[in-house]
Amino acid sequence: MHQPTVGTVREYTLGDDDVPWVLGTHLTERCGPLARAPDGNRVLLIEAHGFARRLPYHHHKLTLVFAAMRRFRDRLSDAGYNVIYLKAETFGDALETFFAEHPDATLVTMRSPSYGSERRFRDLVADAGGDLRVCENELFVSTRGAFDEWADGAETFTHEQFYRWMRRESGVLMDGEEPVGGEWNFDDQNREFPPEEWEAPPAPSPEPDVVVEETAAWVESTFDTWGSTEGVRWPVTREGARDHLEHFLEHRLPAFGPYQDAMRTDDWAMAHSLLSAVLNIGLLHPLEVIEAVETAYHDRDTVSLPSAEGCIRQLLGWREFVRHVYRQTMPELASANQLEATASLPDFYWTGETGMNCLAETIGDVYDRGYAHHIQRLMVLANFATLWGVEPRELNEWFHATYVDAYHWVTTPNVVEMGQYAHGVFATKPYVSSANYVDRMSDYCADCRYDSDETTGEGACPFNALYWDFLARNEAKLRDNHRMRLMYSHVDAKREAGDLEAIREHVVDLRANVDDV
């Protein structure tokens, strides 16, 4: 049974009247209350539809969640559990139905990482006349208590320090007290752009079964979704998720390390694992992925240490880190806006209709599959929105709706803090750039109508003028940041040369003609 290895999970047992309540993001019998329930035990799953009407969610996202729940229901039934599967508009409606039929029951569930969910579920169960026990969420590598002890009351956090602590505590990629290979982090070897002749490993593409096809058609007819309704290829079962993992280990992990930050036209997957969606609904446990990657490094000559470490850093480090930071800083993080950004998200984030090839390609990837990798998210989508001055909550909502792996605990620290520097709890500077970064790490600029080398004038890439304008208008807040000194030396040079006024005028024109950007 996989469960957290950093920190202690308080043990508990289930009585005859205890009923595991499995949420749609906890689809596992390998940990949590369901792992402790005897065969034949009652199990509750609630397929609530109301949340799916709150935003124009991606068609693939809703199909994935609902199909995975239905396949998990069937899996448990075949295994002999007494599955109570309720479909309702709201959780409250379903809980009233459940307790009317099972007044003796006490529901037992793992804590959802989304802020306020435990309180909301307790209130709904109480309103329905029932009882609820909430247990540690075991679908992470570290516990809440372990992080709190490590943080020791700190108000800001550093990912690298946390990551090293997790490595030491878990023993992953460690040689005694030292990291394997003598380095903690091989990020400087993860920033290459592949040669033109390099072909990305084929992305796994499981054929949808009858449940997926029926669910996809139902989602399309029931909800006002965004994104393509074709080509749903995400795993919806434990077996499919394991196949995805093995495909990554065999075909994609060897090339993952050097090219994980690269972006190529018509190459949506590159060498990425494509496992985040199934990890975030419980079909895989992060620890089993980490262990599999570490084993692949030791046992397969094709897997380099930078590739293995780069993948493990995202799971053992970043994923765990943002989960805890989210918990520590909510609800303030959700509404944080320290740069006082107020612009609306441009419509082309929804339509994809923009002359900026990097944005058009990335938004197209998201539209087609509900996915684009982390550099596209940070240095294309969030970068542009930050330079444009988009209000962070609006961009966060867009990410939440459009990505198959997006949940509030995932997007809020990644988008609001990392992407838009809105709080300051761990981001030490805004992650913004001119067109230079996109040109260096992608082939997007070659086929773009804009010139990545020009800042003003017709045909100049909007990233350039927006970048310098962003630095100028946020100078009072950012100049004293020691990590921004070099950038502000360039601002000073442009000011002395009299270039800032032309840049400002160009940005005013861009904003006035946003539909033509």
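Nothing here was measured: the structure is a model prediction, and the numbers come from that model.
- Ion pairing between Lys87 and Asp93 fails under the 4.0 Å rule for side-chain N and carboxylate O.
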Exercise for review: Just do the side-chain hydrogen bond (donor to acceptor under 3.5 Å, both in side chains) check on Ser205 and Arg233 with the steps written out, would you?
Suggested key: CA-CA 5 Å; Ser205 184; Arg233 292 293 187 271; 3.2 Å; yes
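- Rounding to the nearest 0.5 angstrom, the gap separating the OG atom in Ser442 from the CG atom in Asp267 is 12.0 Å.
- Ring-centre distance between Trp409 and Tyr326: not below the 6.0 Å cut-off.
- Looking at Arg393 and Glu397, no side-chain N of the basic residue comes within less than 4.0 Å of a carboxylate O on the acidic one, giving no salt bridge.
- Between Arg133 and Asp18, at least one side-chain N (NZ, or NE/NH1/NH2) sits under 4.0 Å from a carboxylate O, which counts as a salt bridge.
- Trp226 places a side-chain N or O within donor-acceptor distance of the main-chain N or O of Trp350, the cut-off being under 3.5 Å.
- A salt bridge does not link Glu47 with Arg73: none of the charged nitrogens is closer than 4.0 Å to a carboxylate oxygen.
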Exercise for review: Using the side-chain hydrogen bond (donor to acceptor under 3.5 Å, both in side chains) rule, take Asn185 and Arg167 through it: C-alpha gap first, then chi angles, then the decisive distance, then the call.
Suggested key: CA-CA 11 Å; Asn185 188 315; Arg167 289 271 296 275; over 6 Å; no
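- A donor-acceptor pair under 3.5 Å links the side-chain atoms of Arg252 to the main chain of Pro202, judged by distance alone.
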Exercise answer: donor-acceptor pairs, residues 57-64 side-chain atoms, under 3.5 Å, sequence neighbours excluded:
| from | atom 1 | to | atom 2 | distance (Å) |
| --- | --- | --- | --- | --- |
| His58 | ND1 | His60 | N | 3.0 |
| His58 | NE2 | Val366 | O | 2.8 |
| His58 | NE2 | Tyr367 | O | 2.9 |
| His58 | NE2 | Gly370 | N | 3.2 |
| His59 | NE2 | Ala216 | O | 2.9 |
| His60 | NE2 | Ser228 | O | 3.2 |
| His60 | NE2 | Glu230 | O | 2.8 |
| Lys61 | NZ | His400 | O | 2.7 |
| Lys61 | NZ | Ala406 | O | 2.4 |
| Thr63 | OG1 | His59 | O | 2.8 |

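- Atom CG of Asp299 sits in a crowded spot, with more than 12 heavy atoms from other residues, nucleotides or ligands closer than 6.0 Å.
- Among residues two or more places apart in sequence or in another chain, the ring pair (Phe, Tyr, Trp, His ring centres under 6.0 Å) test is passed with Trp150 by Phe147, Phe162, Trp165.
- Under the 6.0 Å distance and 45° angle rule, Arg42 does not count as a cation-pi partner of Phe98.
- If you look at His159 and Phe426, their ring centroids are not closer than 6.0 Å.
- Every residue two or more places apart in sequence or in another chain that forms a salt bridge (charged side-chain N to carboxylate O under 4.0 Å, His left out) with Glu250 is listed here: Arg300.
- Residues satisfying the ring pair (Phe, Tyr, Trp, His ring centres under 6.0 Å) criterion with Tyr81, sequence neighbours excluded, are absent altogether.
- Look at Arg70 and Asp74 and you find no salt bridge, because none of the NZ, NE, NH1 or NH2 atoms lies under 4.0 Å from a carboxylate O.
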Practice item. Let me see the working for Glu309 and Val180 under side chain to side chain contact (heavy atoms under 4.5 Å, CB included), right down to the final yes or no. Key: CA-CA 9 Å; Glu309 187 278 322; Val180 169; over 6 Å; no
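- Salt bridge annotation for Arg238-Glu288: present, with a cationic side-chain nitrogen under 4.0 angstrom from a carboxylate oxygen.
- With respect to Gln260, the side-chain hydrogen bond (donor to acceptor under 3.5 Å, both in side chains) criterion is satisfied by exactly one of His272, His373, Glu192, Gln314: Gln314.
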Practice item. Show your working on side-chain hydrogen bond (donor to acceptor under 3.5 Å, both in side chains) between Asn337 and Gln420 and close with a plain yes or no. Key: CA-CA 8 Å; Asn337 189 4; Gln420 293 197 270; over 6 Å; no
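- For Glu291, the side-chain contact (heavy atoms from CB on, under 4.5 Å) test picks out His2, Leu287, with sequence neighbours left out.
- Between Arg30 and Glu138, none of the side-chain N atoms (NZ, or NE/NH1/NH2) sits under 4.0 Å from a carboxylate O, so this pair counts as no salt bridge.
- Taking a cutoff of 4.0 Å between a charged side-chain nitrogen and a carboxylate oxygen, Arg122 and Glu118 qualify as a salt bridge.
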Check your understanding: Yes or no on side-chain hydrogen bond (donor to acceptor under 3.5 Å, both in side chains) for Arg377 and Asn383, after CA distance, side-chain angles and deciding distance?
Key -> CA-CA 8 Å; Arg377 302 185 201 206; Asn383 185 18; over 6 Å; no
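- No option in Phe348, Tyr437, Tyr431 other than Phe348 meets the ring-ring contact (aromatic ring centres under 6.0 Å, His included) test with Phe384.
- Remark: Ser304 engages Pro306, Ser307 in a side-chain contact (heavy atoms from CB on, under 4.5 Å) (not counting sequence neighbours).
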